[in-house]
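Everything below concerns the one structure shown next.
As a basis for the values below, the full set of heavy atoms in this structure was taken, side chains included, without hydrogen atoms, waters or symmetry mates. Position 1 is the first residue of the sequence, and the numbers go up from there.
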Amino acid sequence: MATVCYINVYNSHVDRGATVSRVPLEHYEVDEEEIKVGNPLPKWPIDGGSPIVKAYDGKHLTLERHGKIFTLNVGDEEELDYGEHNVGMGVISRTYYYVKLISTELIYKGGWQQGSIITQKLNGPIGNGEVHYPNGDHFKGFFYLSYAHINGPAYAAEGRYVFADGSYIEKAWIHTSAERKPESWGLHGVFRIHHPEGPDSIATFLHGGKRYGFEIFLPEKSWEKPWVKEWYAGDRVIRYSGPGEPFQYEVADYDIDETSKENCTTLRLTLKDGSKVFRVEQQGGRYEANGYDEYYYETSTRVIVELPNGDRLEHYGDGVRDFKPYDGYVDVHCAKTGMYRTEHWENGMLMDDQKWKYDELAAKKVTLPDPTGVDGKLYAMLWADGHIEYNYREWVYDGEVKNNRPDGQGVLVGDRRHGERRFEGEFINGVYASNEEKYDGEITLHVKSGENGSYEEYDIVAKLGRLGIRGFWSYEVTSIKADCITIEFYEEKYEIHPDKPLHIYNEIEGREWSDGCVYDGDDYSLELTWVTSN
């Protein structure tokens with residue numbers, strides 16, 4: 001959607017009839033699709049009746065408020081209302097409400113490449129060029145055209161971005177598209193902004209260059225404290241602590257990293273609201289999406305918000321407003337439960353969500369004995385409620401825990417490689433203590449294994465766990481008894497008895513790898529014979 005008009009709010013102090021100052025207070029952007037003749041003008045910031053849209057044709061906007069008609073041409077800014085209150089000592093604080101109509105046409109000047117093949121569309125800006133935005137912004141730089149994006153063109157440009165108010169980004173990256181739509185040709189990332197008559201600031205931009213998240217202003221004098229503004233979809237988010245008194249978060253600490261990652265800025269903020277402490281990390285810029293095409297760029301801006309209760313919100317820059325999910329997809333990490341899920345929000349309302357999952361951020365990383373009793377150790381993640389995931393969910397345990405390992409009653413379930421085997425009952429010091437009969441002796445098996453008709457023979461001692469024999473690596477010994485050894489592979493189950501050898505065949509099909517090499521496949525055979533037991 002293209003922005004068609006601004007609602008600008010200014011604040012002035014009037015001292016005995018003379019206007020002492022006039023500074024921008026709030027800024028709202030109204031998109032073209034939101035303009036409906038006969039309806040109120042969207043985003044009007046005060047009560048008392050929004051202006052009614054009487055006419056709009058792209059170049060002229062007519063509004064009616066309290067019986068008065070306002071007709072704006074492109075570039076016009078009209079005052080529609082103001083309010084005031086007495087501060088004291090003859091000083092009056094006055095707030096003005098203006099509407100400014102802007103053009104919706106974006107102008108590009110520069111090189112353009114045309115042509116296409118079956119899998120690639122190569123139409124797009126290329127080389128030196130400049131963009132004149134409807135809102136008065138201007139970009140001049142070098143445009144790259146991707147030849148690697150199969151589903152259509154993906155472009156990026158590097159250069160200088162100058163805002164309508166004269167502030168600028170020295171090294172900016174904009175992302176464009178084949179359609180010459182203003183919302184598609186904007187800044188994406190976290191950038192340092194140079195202000196001609198003020199301190200530098202660091203801000204996040206997404207979706208056509210609209211500001212999102214927190215912008216920090218960095219005064220040049222060391223004794224002056226920095227301050228922040230919160231933005232959502234190009235509009236400043238304003239909270240009030242009293243009538244006409246905008247709320248300001250206190251910047252307790254901040255860190256700016258503009259060097260460790262090439263063409264990427266990371267901003268870390270610690271903000272205070274009384275006793276509440278919020279931590280925000282905003283990171284974004286330009287990165288190469290693949291290694292084989294140096295002219296293919298993609299932008300990504302990720303934001304992490306840590307709340308005072310330990311919860312954590314993660315999103316791609318446009319999902320959170322005032323430390324709460326608002327519009328878009330947000331990953332919500334719950335500190336109390338150690339779980340997380342993805343939620344879909346629209347205008348501050350929860351629309352849909354996924355099931356809660358165990359959150360690795362809340363897990364303790366440990367090394368534990370194999371819970372099935374096989375010799376060896378496994379990497380594991382342990383949660384406070386007794387949930388344990390071994391070796392990236394090869395085994396999953398839920399139950400009683402002592403000394404960071406299963407101890408007491410619990411349930412252990414294997415993944416598909418283990419035939420989804422289930423152990424339920426008592427665990428002692430991290431290992432399942434089966435109630436079934438166990439064999440305490442040692443059983444020797446004779447192995448005859450072959451590949452494509454070539455065999456080798458040797459003896460092994462039967463142990464629980466994977467066989468580890470070539471061609472049968474994932475076949476698993478799941479039970480050892482005095483008169484029977486059980487081997488499982490996915491849904492298949494085999495048994496070896498003292499008087500009955502086991503014969504297994506495994507055919508591995510050939511395949512062609514991505515580099516063109518062909519693997520022919522192999523036929524494996526295995527014979528296991530019960531030799532001795534003691």
Please confirm whether F139 and Y168 have ring centers closer than 6.0 angstrom. no

Backbone N/O of G408 and side chain of E426: donor-acceptor pair under 3.5 Å: no

d(N429 CG, D407 CG) to nearest 0.5 Å is 6.5 Å

Compute the centroid of each ring, for Y392 and then for Y390, and state whether the two points are separated by less than 6.0 Å. no

Work out which heavy atom in N11 is nearest to a heavy atom in S93; give both atom names and the distance. ND2-OG, 3.3 Å

Strictly by modelled atom types, are W231 and E215 linked by a side-chain donor-acceptor pair under 3.5 Å? yes

Test salt bridge (Lys or Arg N to Asp or Glu O under 4.0 Å) on E394 and R466 and set out the steps. CA-CA 13 Å; E394 178 180 349; R466 294 179 180 175; 3.3 Å; yes

Atom pair OG (S50) and CG (L41), whose distance is rounded to the nearest 0.5 Å: 7.0 Å

Between H418 and E476, does any side-chain donor sit less than 3.5 Å from a side-chain acceptor? yes

Can any side-chain N or O of T301 pair as donor or acceptor with the backbone N or O of G189 at less than 3.5 Å? yes

E495 side chain to C484 backbone, donor-acceptor under 3.5 Å: no

Considering all heavy atoms of both residues, which atom of P325 and which atom of L313 are nearest to each other, and what is their separation? CD-CD1, 4.1 Å

Would T342 and D353 count as having a side-chain donor-acceptor pair, cut-off 3.5 Å? no

Are R341 and D359 close enough, and set up right, to give a salt bridge (Lys or Arg N to Asp or Glu O under 4.0 Å), and what steps lead you there? CA-CA 9 Å; R341 70 179 182 184; D359 186 0; over 6 Å; no

Strictly by modelled atom types, are Y358 and D385 linked by a side-chain donor-acceptor pair under 3.5 Å? yes

Before giving the answer on ring-ring contact (aromatic ring centres under 6.0 Å, His included), spell out for Y397 and F423 the whole-Å C-alpha distance, their side-chain angles and the decisive distance to 0.1 Å. CA-CA 9 Å; Y397 171 84; F423 297 86; over 10 Å; no

Under 6.0 Å from the six-membered ring centre of F163 and within 45° of its axis: does the NZ or CZ of R211 meet both? yes

Hey, does the side chain of N391 reach the backbone of Y379 with a donor-acceptor pair shorter than 3.5 angstrom? no

Do E170 and R192 sit within salt-bridge range, that is, some charged N less than 4.0 Å from a carboxylate O? no

Considering all heavy atoms, the nearest A433-I428 contact: CB-CD1, 4.0 Å

Criterion side chain to side chain donor-acceptor pair (under 3.5 Å) on S167 and H194, from CA distance to verdict: CA-CA 6 Å; S167 56; H194 301 278; over 6 Å; no

Heavy-atom side-chain contact between V9 and P45 under 4.5 Å: yes

Test item: side-chain donor near acceptor, K336 and N309, under 3.5 Å: no

Is R417 salt-bridged to D415, going by a charged N under 4.0 Å from an acidic O? yes

E360 bridged to R312 by N-O distance under 4.0 Å: no

If we ignore hydrogens and angles and just use 3.5 Å, is the side chain of D253 paired with the main-chain N or O of T270 as donor and acceptor? no

Are K43 and D235 ion-paired here, with the side-chain N under 4.0 Å from a carboxylate O? yes

Contacts of D370 meeting side-chain contact (heavy atoms from CB on, under 4.5 Å) (sequence neighbours excluded), chain-then-number -> T372, V374, L378

What's the spacing between W173 CH2 and L187 CG if we round to 0.5 Å? 12.5 Å

Please output the side-chain donor-acceptor pairs of residues 271-283 that fall under 3.5 Å, not counting sequence neighbours, one pair per line with the distance.
from : atom 1 : to   : atom 2 : distance (Å)
D273 : OD2    : R239 : NH2    : 3.4
E281 : OE1    : R268 : NE     : 3.3
Q282 : OE1    : F214 : N      : 2.8
Q282 : NE2    : T204 : OG1    : 2.9
Q282 : NE2    : F214 : O      : 3.1
Q283 : OE1    : K261 : NZ     : 3.4
Q283 : NE2    : T266 : OG1    : 2.7

Interatomic spacing from CG in N506 to CZ in R470 - rounded to 0.5 Å: 11.5 Å

Residue set satisfying salt bridge (Lys or Arg N to Asp or Glu O under 4.0 Å) with R422, at least two apart, ordered chain then number -> E424

Within this structure, what is the CG-OG distance for the pair L464 and S479, rounded to the nearest 0.5 Å? 7.5 Å

CG/L218 to CD1/I193 distance, rounded to the nearest 0.5 angstrom? 10.5 Å

Can you tell if the side chain of F323 reaches within under 4.5 Å of the side chain of L307, non-hydrogen atoms only? yes

Could you report the tightest heavy-atom contact between P406 and F427, atom names first, then the distance? CB-CB, 3.9 Å

Between D31 and K210, does a salt bridge (Lys or Arg N to Asp or Glu O under 4.0 Å) hold up when you go through it step by step? CA-CA 12 Å; D31 290 319; K210 293 185 177 181; 3.5 Å; yes

H188 and H175 aromatic ring geometry - parallel, tilted or perpendicular at 30°/60° bounds: perpendicular

Evaluate the ring planes of Y161 and Y133, with Trp represented by its six-membered ring, and classify them as parallel (under 30°), tilted (30 to 60°) or perpendicular (over 60°). tilted

Sidechain N-carboxylate O distance under 4.0 Å for R236, E230: no

